[in-house]
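Before any comments, here is the structure.
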Amino acid sequence: QVQLVESGGGSVQAGGSLRLSCVASGYSFISYRRNCMGWFRQAPGREREGVASISSDDTTSYADSVKDRFTISKDNAKRTLYLQMNSLKPEDTAMYYCAADQKSYTDYPLRENEYAYWGQGTRVTVSS
């Protein structure tokens, strides 16, 4: 049973930084390496949207709204996915979710229906 647990959310002022982490369990090392993984977010009153993704060969994709500010990475040995968020803006306020799927690549890395496993989320609040 794959489980994803996010951490690292919090409250920061605009311009600040946070690093989110997502620890996966229920995977072997080889299986984790072969996964696609992503970060999604949902702001109050809005639909969930893809933020960033990383495939098994470390190809990354980003939403236009976070390019050059956010960086996705993963540590296969620790089975941990990261999202470094810099230059945060009030519009980045949302619940952030980690997602994973056991395919190594997808043509639609920021679509939520490409991912089978989801964490419970960690909240990020950015004040102006």
Side-chain angles (χ1 to χ4, degrees):
Q1 180 82 12
V2 173
Q3 289 189 322
L4 304 173
V5 179
E6 303 95 334
S7 63
S11 297
V12 295
Q13 290 191 328
S17 298
L18 284 173
R19 188 175 82 155
L20 306 184
S21 300
C22 171
V23 178
S25 60
Y27 276 111
S28 68
F29 172 71
I30 292 175
S31 294
Y32 186 82
R33 283 187 61 192
R34 290 176 178 169
N35 268 24
C36 280
M37 301 202 71
W39 287 99
F40 289 74
R41 67 185 181 187
Q42 187 167 21
R46 301 188 66 176
E47 293 185 354
R48 190 155 57 183
E49 63 175 353
V51 174
S53 71
I54 186 166
S55 66
S56 62
D57 65 354
D58 292 336
T59 299
T60 57
S61 298
Y62 295 93
D64 288 343
S65 58
V66 306
K67 277 180 184 176
D68 301 324
R69 299 189 299 123
F70 290 11
T71 302
I72 188 171
S73 62
K74 61 177 180 171
D75 184 328
N76 292 325
K78 294 182 179 179
R79 295 169 182 70
T80 301
L81 180 73
Y82 301 101
L83 184 68
Q84 178 67 43
M85 305 187 295
N86 299 328
S87 302
L88 282 160
K89 304 176 181 180
E91 51 263 45
D92 295 318
T93 295
M95 185 72 84
Y96 282 72
Y97 298 90
C98 170
D101 197 88
Q102 291 178 326
K103 55 181 172 286
S104 59
Y105 183 81
T106 171
D107 289 331
Y108 306 101
L110 298 181
R111 288 188 184 177
E112 61 178 299
N113 62 4
E114 293 292 306
Y115 297 88
Y117 305 108
W118 292 83
Q120 294 300 307
T122 185
R123 187 172 300 278
V124 172
T125 303
V126 185
S127 58
S128 57

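This one's a predicted model, so the numbers in the text were calculated from it and none came from an experiment.
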Evaluate W118 against V2 for side chain to side chain contact (heavy atoms under 4.5 Å, CB included), listing each step before the verdict.
CA-CA 9 Å; W118 292 83; V2 173; over 6 Å; no
From V124, I54, V51, residue fulfilling side-chain contact (heavy atoms from CB on, under 4.5 Å) relative to L83
V51
Steps toward side chain to side chain contact (heavy atoms under 4.5 Å, CB included) verdict (R79, S25):
CA-CA 7 Å; R79 295 169 182 70; S25 60; over 6 Å; no
To check you understand the geometry: which heavy-atom pair defines the closest contact between A63 and G50, and what is its length?
CB-O, 3.4 Å
Could you label the plane-to-plane angle of the F40 and Y115 rings as parallel, tilted or perpendicular, counting under 30° as parallel and over 60° as perpendicular?
perpendicular
Whether the side chain of T122 engages the backbone of G9 through a donor-acceptor N/O pair (distance < 3.5 Å, no angle test) should be reported.
yes
A14 to S128 - nearest heavy-atom pair and separation:
CB-CA, 4.3 Å
Answer with yes or no whether the hydrophobic clustering places V66 together with L88; edges join I, L, V, M, F, W, Y residues whose side-chain heavy atoms lie under 4.5 Å apart.
yes
What is the minimum heavy-atom distance between I72 and Y62, and which atoms define it?
N-OH, 2.9 Å
Output every pair passing salt bridge (charged side-chain N to carboxylate O under 4.0 Å, His left out) with a member in residues 4-20, not counting sequence neighbours, ordered by first then second residue.
none
Checking T71 now: which residues fulfil side chain to side chain donor-acceptor pair (under 3.5 Å) with it, not counting sequence neighbours?
none
Is the number of heavy atoms from other residues, nucleotides or ligands within 6.0 Å of CD (E91) greater than 12?
yes
Return the minimal non-hydrogen interatomic distance between L4 and A24, and the atom names on each side.
CD2-CB, 3.7 Å
Heavy-atom closest pair (S21 atom, T80 atom, distance to 0.1 Å) is CB-CG2, 4.2 Å
Can you tell me if D68 has over 12 outside heavy atoms packed within less than 6.0 Å of its CG?
no
Run the numbers on Y108 and N113 for side chain to side chain contact (heavy atoms under 4.5 Å, CB included), then give the verdict.
CA-CA 9 Å; Y108 306 101; N113 62 4; over 6 Å; no
Would you say M95 and Y97 make side-chain contact, with heavy atoms under 4.5 Å?
yes
Work out which heavy atom in A43 is nearest to a heavy atom in T93; give both atom names and the distance.
CB-O, 3.6 Å
Within residues 112-127 or reaching into it, pairs that qualify as salt bridge (charged side-chain N to carboxylate O under 4.0 Å, His left out) - sequence neighbours excluded
R48-E112, K103-E114
Chi angles and distances behind the side chain to side chain contact (heavy atoms under 4.5 Å, CB included) call for R69, M85:
CA-CA 6 Å; R69 299 189 299 123; M85 305 187 295; over 6 Å; no
Is there a donor-acceptor contact under 3.5 Å from the side chain of N35 to the main chain of M37?
no
Check: S17 main-chain N/O paired with N86 side-chain donor or acceptor under 3.5 Å
no
